[in-house]
Amino acid sequence: NEIATMMDVPVTKIISACMSLGMMVTMNQRLDAETLSVVAEEFGFDVEFVSAEVEDTSQIVEENPEDLKPRAPIVTVMGHVDHGKTSLLDYIREENVIAGESGGITQHIGAYSVKIGTGETISFLDTPGHEAFTAMRARGAQVTDIAIIVIAADDDVMPQTKEAISHAQAAGVPIVFALNKVDLPTANVDKIKESLANMNLLVEDWGGKVQSQEISAKLGTGIPELLEKVLLEAELLDLKANPDRLAKGSVVEAFLDKGRGYVSTILVQTGTLRIGDYVLAGTTSGKIKAMQDERGNKVKEAGPSTPVSILGLDGAPQAGDTFQVMQDEREAKDIASKRNQLQREQSVRTQKHITLDEIGRRIALGDFKELNIILKADVDGSVEALTDSLQKLSTEEIQVNIIHRGVGAITESDVLLASASEAVIIGFNVRPAGNARTLADNEEIDIRMYSIIYDAINDIKDAMEGMLSPEL
Ligand code: GDP
């Protein structure tokens, strides 16, 4: 219908043009890019496809250097599993590290800031690991200023330590090493420093440029010194932002709270965010109704480098989506819905229009094997973790495609998408909502629900092995 209007021809002519291409379509059906081009050509039109990015250009602000004020560094903690990332983050969160603030932080909102003795502030992303760091980066969010890489001194520089180093370096983020577990008699910091030196990372007390600090995340030893080194590194970076403009930043996490609606933690990177602001975040928008800091205190505004959880968005944006305050509520809504539509069309456009018979035939031929998955979970962290693990199951023979993923219940539109793209639906700690279950039964769509990540991964692995053709 839309393309008919654009070209000013009767919609029936478009439908019969599609039929002559072997496609039975309805008036409201969306056509893929290729079909659009062929059909348009038939009526003497050329199709030009514009970028899927819908941006708000009204906000490209030339920053005046005089308006820039120092801002706190934002830190991510990375390192090998079990080397003490969580312990370090917990210690910093729970203890009054230097400043003697009243009470530790009890809320988990995905990020928190702490004040150091001299009154300086450091903000931490509370999702440790380079996977989370890079997943956010891949979505366009460059949030981290400095990486603390934790290495257990009773162990060694391990594979994930190396990965963390590469990820930080690829992002151009300076590293401060935390040599952890020095309370253990088996700790050997010299061995670690030597391993680092062998990787061209010479620490300061060995005459190099890289900062390192011996700590015990268990006892708290060395942690104030570690944070001072982070601040020193921050000083070199000369971090600044303009607090007197409309806020912009990144989404850290978002989830649906049964009582409060969609709750999103965001990190303001420039400008100041205020209650009542109209926010555009990924494919969601809304007016900010309330804001809270990591201590559960209500706040009215949040300046650069401040994490806050906000209420008022009409959905759950994804971790790593950028957000921005808009002058106009209508415009925020329009851009969000345009992005939504484009996202839907993109996932539809990339699907293989193929029947079950066709899949069977091509699997038998051994030249086509893919498993399409729609993934829904209760929190964004689980979505990211499952996506990562499932995609890693891909082999040379079978490709695992996460064609759609998101936070929230399984909806009718998920089922329709699964039906249109031969996908299975995985629900993690969520269930089908409304008529989704009935529709899935009618469409013979496989919905699988899990509460343990391991079970989900195992089932998919089994399914994939079932799909493998017997060895010849
Ligand atoms: P992560 O996987 O890197 O987040 O590591 P965790 O913080 O979960 O720590 C892994 C294990 O090491 C846990 O059993 C911690 O109690 C222990 N651990 C962490 N830091 C220290 C430390 O400084 N000293 C000692 N002795 N144990 C630690």
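Order of appearance sets the numbers: ligands from 1, and atoms from 1 within every ligand.
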Side chain to side chain contact (heavy atoms under 4.5 Å, CB included) partner of Leu125, the single match among Val143, Val77, Leu89, Val75: Val143

Main-chain N/O of His83 paired to Asn180 side chain as donor or acceptor, under 3.5 Å: yes

Name of the residue among Gln211, Gln213, Glu204 meeting side chain to side chain donor-acceptor pair (under 3.5 Å) with Lys229: Gln213

With sequence neighbours excluded, residues passing ring-ring contact (aromatic ring centres under 6.0 Å, His included) with Tyr450: none

All side chain to side chain contact (heavy atoms under 4.5 Å, CB included) counterparts of Val299, not counting sequence neighbours: Met291, Asp293, Val308

Under the side chain to side chain contact (heavy atoms under 4.5 Å, CB included) test, residues paired with Ala234 that sit two or more places apart: Pro73, Ile146, Leu239

Protein residues having a heavy atom less than 4.0 Å from any atom of ligand 1: His80, Val81, Asp82, His83, Gly84, Lys85, Thr86, Ser87, Asn180, Lys181, Asp183, Leu184, Ser216, Ala217, Lys218

